[in-house]
Each structure stands twice: as C-alpha cells, then as structure tokens.
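Structure, as structure tokens:
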Amino acid sequence: MAALAAAVAVVAGAVAVVVTVLNNGAATDDPGPAPSGPGSSAAALSPADCPVRSTNPPWAPPLHPGDKAEFIEDVTLPDCARVDAGKTVTKVWRLKNAGTVPWTGYSLRRLDFAQQADQCQTISDVPIKDTPPGGTVDVETVVTTPRKPGLCYVRFKMVDASGAILFPGSRPINFQIIVDAR
C-alpha cells in the first residue's frame, strides 16, 4: 500500500509539472514561467524577463519520509548572469541534505522538453555525490549556450536511482542565464 501511495505521489508531481508547462500563458492567477522547449521562442522569454519568477507546485510529501533538500546558493552563474553565445561554462548549485535520509544515487533530472539548437545544452541527468544527512554538496553541470542571444531558463528536479521524483511538492532547481551576442 505504501508503494502505491508513493507511486501516486510521483505521478501527481509529474502531472503537476506537465500541467504547469501546458498551461503556461493560460488565464490563471499565476501561470508560472515559460520553460525553454519546443514552442517556446525568444518572444516567450527574453533577457528582460530575468529573473523568471518560479511558482511552487501543489504541496506533496517527499517520496521517502524524512527526506528533505535545501537550496543553499548558486556557487557559479547566479540568476541573470551574462554569458556569450556559443560558450561552454560550468553551473554549480550548493544543496544541503536537511533530512534524515542519506542521498545515495540521487541526481538532478532536466524537466524541459527535448533540447533544441536555440536552447542551453546540458546533460539530462546531473549526478549528485552521495551526501549524508546534514551534509552539503556542490552539484555541477556543463552548460553550452546557443549561438543566438536570449534567455536560457532550464529546470531540474531531484530523482533517486530509479528515476522517481523525490520532492514533487518542491520548486524545481533551475538556472537562468542571459545569452549575449558575441
């Protein structure tokens, strides 16, 4: 029964992400930001939109009772940092394991649709070093900016080794960079 409840929570979190993406621009109190992906364009998000204001998904418990993550800081590339077009840079987030569950085999999974040439390129799953409760960890990924100027807004959710979303009720971890013409 507990496994069924956990599966329902994961599916509900995934549905909430899809609904947020599909409802972007719909008439709601807070439609949230437009992610980068097919159908998005420079007109959807531009450097003038930086920083993109994130919204919280509906509340949902963590997949594993006692598991908790806290965002500490952007170590590199703070929101709205400027990077030249066609450059490769490293993005680093600092996270804290604020729960009682050791993080083993966790990663950050990119949420946005299949990457297009006009988007920032990253790997799909960014590994997180095993982190004990109370520990902090720097999580890094290589980012290649597109050749055209604009805004890259890329979102990730923490998943376990099986790919299940760990914190469906938490805001995604993201990076937002302004891509400047060379």
Exercise for review: Side-chain contact test, heavy atoms from C-beta onward, threshold under 4.5 Å: evaluate it for Thr141 versus Thr90 and give yes or no.
Suggested key: no
Check your understanding: Considering residues, nucleotides and ligands other than Arg171, do more than 12 of their heavy atoms fall under 6.0 Å from its CZ?
Key -> yes
Revision key, fill the gap. Those residues at least two apart in sequence (or on a different chain) that pass salt bridge (Lys or Arg N to Asp or Glu O under 4.0 Å) with Asp84 are none
Exercise for review: Could you please spell out the steps behind the side-chain contact (heavy atoms from CB on, under 4.5 Å) verdict for Trp93 and Thr76?
Suggested key: CA-CA 7 Å; Trp93 300 273; Thr76 64; over 6 Å; no
Exercise for review: Under the side-chain contact (heavy atoms from CB on, under 4.5 Å) rule, what do Leu77 and Val89 come out as? Steps first, then yes or no, please.
Suggested key: CA-CA 9 Å; Leu77 298 175; Val89 294; 3.6 Å; yes
Review point. Taking all atoms of both residues into account, what is the closest heavy-atom pair of Val179 and Cys152, and its distance?
Key: CG2-SG, 3.8 Å
Check your understanding: If you measure from CG on Asp138 to CD1 on Ile128, what distance do you get to the nearest 0.5 Å?
Key -> 11.5 Å
Exercise for review: Check whether any side-chain heavy atom of Pro62 lies under 4.5 Å from a side-chain heavy atom of Leu166, and answer yes or no.
Suggested key: no
**Study point:** Beyond-backbone contact of Ile123 with Val142, side-chain heavy atoms, under 4.5 angstrom
**Key:** no
Check your understanding: Does Gln116 offer a backbone N or O that forms a donor-acceptor pair with the side chain of Gln121 under 3.5 Å?
Key -> yes
Review point. Can you check side-chain hydrogen bond (donor to acceptor under 3.5 Å, both in side chains) on Asp67 and Trp103, steps first, answer last?
Key: CA-CA 9 Å; Asp67 206 354; Trp103 292 351; 3.0 Å; yes
Review point. Would you say the side chain of Arg110 lies within less than 4.5 Å of the side chain of Val154, judging by non-hydrogen atoms?
Key: yes
Point to revise | Asp130 versus Thr104, closest heavy-atom pair with distance | key: OD1-CA, 3.3 Å
Point to revise | Cationic N near anionic O, under 4.0 Å, Arg82 to Asp180 | key: yes
Practice item. State, to 0.1 Å, how close Ile177 and Cys120 come at their nearest heavy-atom pair, and which atoms those are. Key: CD1-SG, 3.7 Å
Point to revise | Hydrophobic cluster identity match, Val75 and Val83, side-chain contacts under 4.5 Å | key: no
**Study point:** Heavy-atom donor-acceptor pair, Asp160 side chain to Gly163 backbone, under 3.5 Å
**Key:** yes
Point to revise | side-chain contact (heavy atoms from CB on, under 4.5 Å) evaluation trace for Met158 with Leu95 | key: CA-CA 11 Å; Met158 194 179 293; Leu95 305 176; 3.8 Å; yes
Check your understanding: Side chains of Val137 and Asn97: closer than 4.5 Å at any heavy-atom pair?
Key -> no
Review point. In this structure, which one of Asp125, Asn174, Val126 forms a side chain to side chain contact (heavy atoms under 4.5 Å, CB included) with Phe156?
Key: Val126
Exercise for review: Measure from the side-chain N and O atoms of Ser170 to the backbone N and O of Pro168, and report whether any donor-acceptor pair falls under 3.5 Å.
Suggested key: no
**Study point:** Modelled atom types, side-chain donor and acceptor of Ser124 and Arg109, under 3.5 Å
**Key:** no
**Study point:** Heavy-atom side-chain contact between Pro172 and Ser54 under 4.5 Å
**Key:** no
Check your understanding: For Pro51 and Cys80, which heavy atoms make the closest approach, and how far apart are they?
Key -> N-SG, 3.2 Å
Practice item. Quick one: pull up NZ in Lys68 and CZ in Phe167 and give me the separation to the nearest 0.5 Å. Key: 10.0 Å
Review point. His64 vs Tyr106 aromatic rings, parallel, tilted or perpendicular, using cut-offs 30° and 60°?
Key: parallel
Practice item. Indicate whether any N or O donor in one side chain lies under 3.5 Å from an N or O acceptor in the other, for Thr144 and Thr88. Key: yes
Review point. Under 4.0 Å between a Lys/Arg side-chain N and an Asp/Glu carboxylate O for Asp74 and Lys91?
Key: yes
Review point. Would Leu108 and Ile173 satisfy side-chain contact (heavy atoms from CB on, under 4.5 Å), going step by step from the backbone distance to the final call?
Key: CA-CA 8 Å; Leu108 295 179; Ile173 292 174; 3.9 Å; yes
